[in-house]
Amino acid sequence: MPSLGRLHLITDTRPGCDPLAVVRAALPVARADLVVQVRVTDDTTDRQAYDLARRVREHCAPYGATCLVNDRLHVALAVDAHGGHVGADDLPVAAARRVLGRDAVLGATAREPDAAARAVAAGASYLGVGPCHPTATKTGLPDPIGTAGVRAVVAAVDVPVIAIGGVTVATVPALRAAGAYGVAVVGALSTAADPGRATAELIAALTC
């Protein structure tokens, strides 16, 4: 399993967004400290998801960056991604681990300690924990858990915790202080006027 980067970029495929342009801007800055999680909207066809994931995988390779695919694990296998990520409504973690194999990176979503511990016991390599703060990039989310919620999950598991949900440069220090290994972002990069500069600022906040 490759080492896990601290900055997780989740692709934004909503209308008007250019996920590949953001990936291309972020990679030369973050390099191996970047994890790109290919997430697509529900109405995206498997062929479209495959085409995007394949191109992301190709872009990641020269930089040693990690490429994961959210939910659609068959796409992850098809493009030889490093692994995948499953949410609460996706395949159970144990089933996802059987699909991907023992050496793949497998992320799972959690927001409270008991569920987090169960996900790790079932085979999760890391946890995406949140939402930490209010966010507009995904609808139907539960209430934010804040830094206290992140801290509670960190105390319950022995795998990297990646804080997600409304993450900005300003909120990174408190999340790191709560024990988060890294952060996952969507809007902080996809809506940035200069995604490369925004990546540099996030990396600096994560490593200071």
Side-chain angles (χ1 to χ4, degrees), residues 1-11 30 32-39 53 60 64-77 80-133 135 137-138 140-167 171-186 202 206-207:
M1 186 180 79
S3 61
L4 193 68
R6 293 187 185 273
L7 179 59
H8 291 223
L9 164 57
I10 299 177
T11 58
D33 220 4
L34 188 69
V35 176
V36 182
Q37 185 185 136
V38 179
R39 187 172 77 184
C60 286
T66 300
C67 174
L68 307 177
V69 178
N70 185 290
D71 179 19
R72 306 192 192 196
L73 302 185
H74 57 299
V75 173
L77 293 173
D80 195 26
H82 296 99
H85 185 101
V86 290
D89 297 324
D90 300 331
L91 279 178
V93 176
R97 174 55 73 194
R98 289 196 294 272
V99 170
L100 292 176
R102 66 179 183 179
D103 295 327
V105 178
L106 175 58
T109 299
R111 60 181 277 107
E112 53 89 17
D114 287 346
R118 289 194 297 271
V120 173
S125 310
Y126 75 90
L127 298 174
V129 176
C132 300
H133 305 292
T135 177
T137 58
K138 191 174 182 181
L141 294 173
D143 293 337
I145 62 173
T147 54
V150 173
R151 186 176 291 107
V153 172
V154 168
V157 299
D158 58 359
V159 300
V161 166
I162 306 299
I164 184 172
V167 174
T171 63
V172 168
L175 292 168
R176 290 280 286 132
Y181 173 84
V183 298
V185 297
V186 184
L202 285 163
L206 284 165
T207 56

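On a predicted model such as this, the values are computed, not experimentally measured, just so you know. Along the sequence shown, residues carry numbers from 1.
- Annotation for His133 and Thr171: closest pair NE2-CB, 3.8 Å, computed over non-hydrogen atoms.
- Contact detail for Gly123 and Leu106: the closest heavy-atom pair is O-CD2, 3.9 Å.
- Between His8 and Tyr126, the distance separating the two ring centers is shorter than 6.0 angstrom.
- Thr11 places a side-chain N or O within donor-acceptor distance of the main-chain N or O of Arg39, the cut-off being under 3.5 Å.
- Leu73 CG to Arg98 CZ: the interatomic distance, rounded to the nearest 0.5 Å, is 12.0 Å.
- Looking at Val183 and Val172, their side chains come closer than 4.5 Å, going by heavy atoms from C-beta outward.
- Residues Arg97 and Ser125 have side chains that bring a donor and an acceptor to within less than 3.5 angstrom of each other.
- Put simply, the side chain of Arg6 never gets that close to the backbone of Ile162: no donor and acceptor are under 3.5 Å apart.
- Under the 3.5 Å distance criterion, the side-chain polar atoms of Arg176 are matched with a main-chain donor or acceptor of Leu206.
- Taking every heavy atom of both residues into account, Arg151 and Ala177 meet most closely at NH2-O, 4.4 Å.
- Between Val93 and Ala119, the shortest heavy-atom distance links the atoms CG1-O, 3.5 Å.
- Contact annotation: the side chain of Cys132 approaches that of Val150 to within less than 4.5 Å [non-hydrogen atoms, C-beta and beyond].
- The two atoms that bring His82 and Ala65 nearest to each other are CE1-O, 3.4 Å, heavy atoms only.
- Looking at Val35 and Leu7, their side chains never come closer than 4.5 Å, going by heavy atoms from C-beta outward.
- Thr66 and Leu68 make their closest contact through CG2-CD2, 3.8 Å (heavy atoms, listed as atom of the first residue, atom of the second, distance).
- Residue Leu9 holds its CG atom at 9.5 Å from CD of Gln37, rounded to the nearest 0.5 Å.
- Looking at Thr109 and Ile164, their side chains never come closer than 4.5 Å, going by heavy atoms from C-beta outward.
- Tyr181 contributes no side-chain N or O that, together with a main-chain N or O of Gly5, makes up a donor-acceptor pair within less than 3.5 Å.
- Side-chain contact between Ile10 and Val185: absent, with no pair of heavy atoms (C-beta onward) separated by less than 4.5 Å.
- The line from CG of Asp71 to CG of Asp90 is 4.0 Å long, rounded to the nearest 0.5 Å.
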